[in-house]
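Report on one structure; see the data block that follows.
Letters A, B, ... mirror the listed sequences (proteins, then strands); counts begin at 1.
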Protein chains: 2
Amino acid sequence: MNSTSVLAELPLLERRTLSDTVYEALSDLLASGRLAPGDRLSLRQSAAALGVSVMPVREAVSRLAADGVLEVAPNRVIRVPVMSADAFRALVETRIAVEGIAVARAAELRTATELAAIRRTEAAFRAEAEAAEPDRARAVQLNRDLHFAIYGACGLGPLQEIIARLWLKAGPVINLDLRAHPERLRQGFALRRHAEAVVAIENRDGAAAAAAIAADIREAAEFILTRGGLRDVQGED
Amino acid sequence: MNSTSVLAELPLLERRTLSDTVYEALSDLLASGRLAPGDRLSLRQSAAALGVSVMPVREAVSRLAADGVLEVAPNRVIRVPVMSADAFRALVETRIAVEGIAVARAAELRTATELAAIRRTEAAFRAEAEAAEPDRARAVQLNRDLHFAIYGACGLGPLQEIIARLWLKAGPVINLDLRAHPERLRQGFALRRHAEAVVAIENRDGAAAAAAIAADIREAAEFILTRGGLRDVQGED
DNA sequence: TCACCCAAACTGTGATCACAGATCACTAGC
DNA sequence: GCTAGTGATCTGTGATCACAGTTTGGGTGA
């Protein structure tokens with residue numbers, strides 16, 4: 001009935017269910033490392049804490065569990081999985097491969113606008129990291145923003161979703177370590193690799209960009225592995 | 001208390017919830033193309049058909065929806081998404097990139113046992129495809145078996161999970177097309193590419209193996225795209 | 001004959017209840 | 001003093017109910 005097709009441009013607003021909200025809340029807890037590997041989770045307690053019934057929490061948890069971000073043991077205990085060193089290495093190799101593709105494509109396809117956004121977030125991260133008293137949580141968030149600003153330019157939606165899931169999976173162990181061992185040299189490495197990546201993206205040099213991100217990922221992983229923060233058996237203490 | 005450590009070898013039996021079972025049932029429907037893009041799904045009807053309550057179906061659907069294999073519209077209608085041609089192309093490019101990594105690694109790392117298994121499934125697919133009256137459903141399954149036999153040799157668990165999800169997402173449109181247009185030349189291409197891949201894997205030639213699989217994927221996709229089986233708008237008829 | 005409207009029958013979402021199994025603290029028995 | 005047993009209390013899972021919003025079909029109006 002209504003006149004023109006101006007309406008056709010409406011972004012088809014997405015509905016937010018309580019489950020979605022709970023999912024994001026839990027994701028945030030995991031990504032920020034406040035839920036550490038081995039931590040247990042109770043449906044009822046979580047529901048009470050969030051002020052909802054167990055239903056939305058249940059759905060959110062089952063989604064997280066499907067992604068391997070949470071696991072429910074045969075004892076019916078929900079917890080964030082403790083990764084063996086080998087599993088962590090496999091995850092890191094996967095990340096290097098997949099994120100390498102994304103950043104290589106991004107370097108070759110990025111528009112001027114995207115490059116500007118990447119530069120901006122890189123600068124923001126650098127500023128936070130070099131601050132006299134850096135806010136760790138904020139640095140983590142900015143690091144994530146930078147990576148995804150890059151991946152966002154790869155032109156492949158499905159690939160970005162995959163990477164987001166990988167980050168969710170790696171988040172607890174990485175950020176737990178970051179909480180345990182205040183950043184120090186980690187950030188020095190990250191800053192250098194980020195700078196290399198940005199330069200490579202400016203030059204549309206996909207291979208160099210992928211190498212920089214690969215080094216960024218690998219160095220952070222090595223740092224954690226040498227710290228011995230990962231147990232090889234899944235004991236609890 | 002119990003004597004020896006024979007118990008330690010028990011495979012830690014995984015529990016199967018009803019949700020898991022429903023999830024597999026729906027996945028199978030989608031992977032085999034019996035649920036086509038645009039088809040709607042009702043929680044209560046599905047539950048009744050499966051002889052369970054809506055709860056397990058709800059959880060399974062929410063998992064599928066999280067993976068983008070199903071979508072629930074703002075109208076609260078569950079359906080398998082209709083992919084635009086562009087979205088399909090992005091999915092195909094992602095598959096080529098990700099599965100390319102897996103097959104390249106598999107070619108370089110495969111053991112003799114894994115190679116034998118790959119050869120076996122390749123032969124099985126060839127036999128079915130060259131049969132006088134090939135069973136389409138079985139051919140689809142064998143094609144899948146072959147691909148995953150290869151990816152299983154890549155040594156990266158997380159990567160295999162990613163690929164499985166990608167297949168689930170691409171399954172409906174690919175298999176719907178396969179149902180609509182009886183195989184014909186499609187299989188001729190597939191046979192050649194599979195043979196090339198197996199040879200490359202025998203020679204531990206990662207690049208060649210990746211190229212063969214990329215061609216396999218791309219040719220199937222081109223076939224579908226030129227058929228015009230994909231709508232560019234998400235209308236319903 | 002066509003357009004409109006209203007009511008009945010659906011839809012998914014969320015809350016609540018019921019249940020089997022696991023955990024843990026406590027106590028009875030040696 | 002230590003172990004084995006036992007009951008209360010927790011766990012996730014599944015079923016059922018309640019609700020608001022949507023769809024749909026039949027009927028009434030012009």
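- Under a 4.0 Å N-O distance rule, the pair A:Arg95/A:Glu99 qualifies as a salt bridge.
- In this model, the phosphate group of D:dC10 is not approached by any side-chain N or O of A:Gln45 to a distance below 4.0 Å at OP1 or OP2.
- For residues 150-171 of chain B, the pairs satisfying ring pair (Phe, Tyr, Trp, His ring centres under 6.0 Å) are B:His147-B:Tyr151, B:His147-B:Trp167, B:Phe148-B:Tyr151, B:Phe148-B:Trp167, with sequence neighbours left out.
- Between the CD atom of B:Glu71 and the P atom of C:dG12 there is a distance of 14 Å, given to the nearest Å.
- Between the CD1 atom of B:Ile78 and the P atom of C:dT11 there is a distance of 10 Å, rounded to whole Å.
- As rounded to whole Å, 14 Å separates atom C1' of C:dG12 from atom CG of B:Leu70.
- Under the salt bridge (Lys or Arg N to Asp or Glu O under 4.0 Å) criterion, the residue pairs touching residues 29-53 of chain B are B:Asp28-B:Arg34, with sequence neighbours excluded.
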With a 3.5 Å cut-off and sequence neighbours excluded, list the donor-acceptor pairs that the side chains of residues 154-163 of chain B form with protein atoms.
| residue | atom | partner | partner atom | Å |
| --- | --- | --- | --- | --- |
| B:Glu161 | OE1 | A:Lys169 | NZ | 3.3 |

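- For the pair B:Arg79 CZ and C:dG12 P, the interatomic distance rounds to 13 Å; values are reported in whole Å.
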All N/O contacts under 3.5 Å from nucleotides 14-16 of chain C to the protein, with atom names and distances to one decimal?
| residue | atom | partner | partner atom | Å |
| --- | --- | --- | --- | --- |
| C:dG14 | OP1 | A:Leu18 | N | 2.4 |
| C:dG14 | OP2 | A:Ser19 | OG | 3.3 |
| C:dG14 | N7 | B:Arg58 | NH1 | 3.0 |
| C:dG14 | N7 | B:Arg58 | NH2 | 3.0 |
| C:dG14 | O6 | B:Arg58 | NH2 | 3.1 |
| C:dA15 | OP2 | A:Ser53 | N | 3.0 |
| C:dA15 | OP2 | A:Ser53 | OG | 2.7 |

Throw together a table of side-chain donor-acceptor distances under 3.5 angstrom for residues 45-56 of chain A, partners on residues two or more places apart or in other chains.
| residue | atom | partner | partner atom | Å |
| --- | --- | --- | --- | --- |
| A:Ser46 | OG | A:Ser42 | O | 2.5 |
| A:Ser53 | OG | A:Met55 | N | 3.0 |

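- Map B:Leu43 and A:Arg40 each onto its nearest nucleotide of DNA chain C; the residue landing nearer the 5' end is B:Leu43.
- Contact annotation: side chain of B:Arg44 to base of C:dA9, donor-acceptor pair absent below 3.5 Å.
- The list of salt bridge (Lys or Arg N to Asp or Glu O under 4.0 Å) pairs with a residue in residues 142-152 of chain A, not counting sequence neighbours, is empty.
- When distances run from any side-chain atom of B:Asn75 to the nucleotides C:dG12, D:dT13, D:dT23, the shortest one goes to D:dT23.
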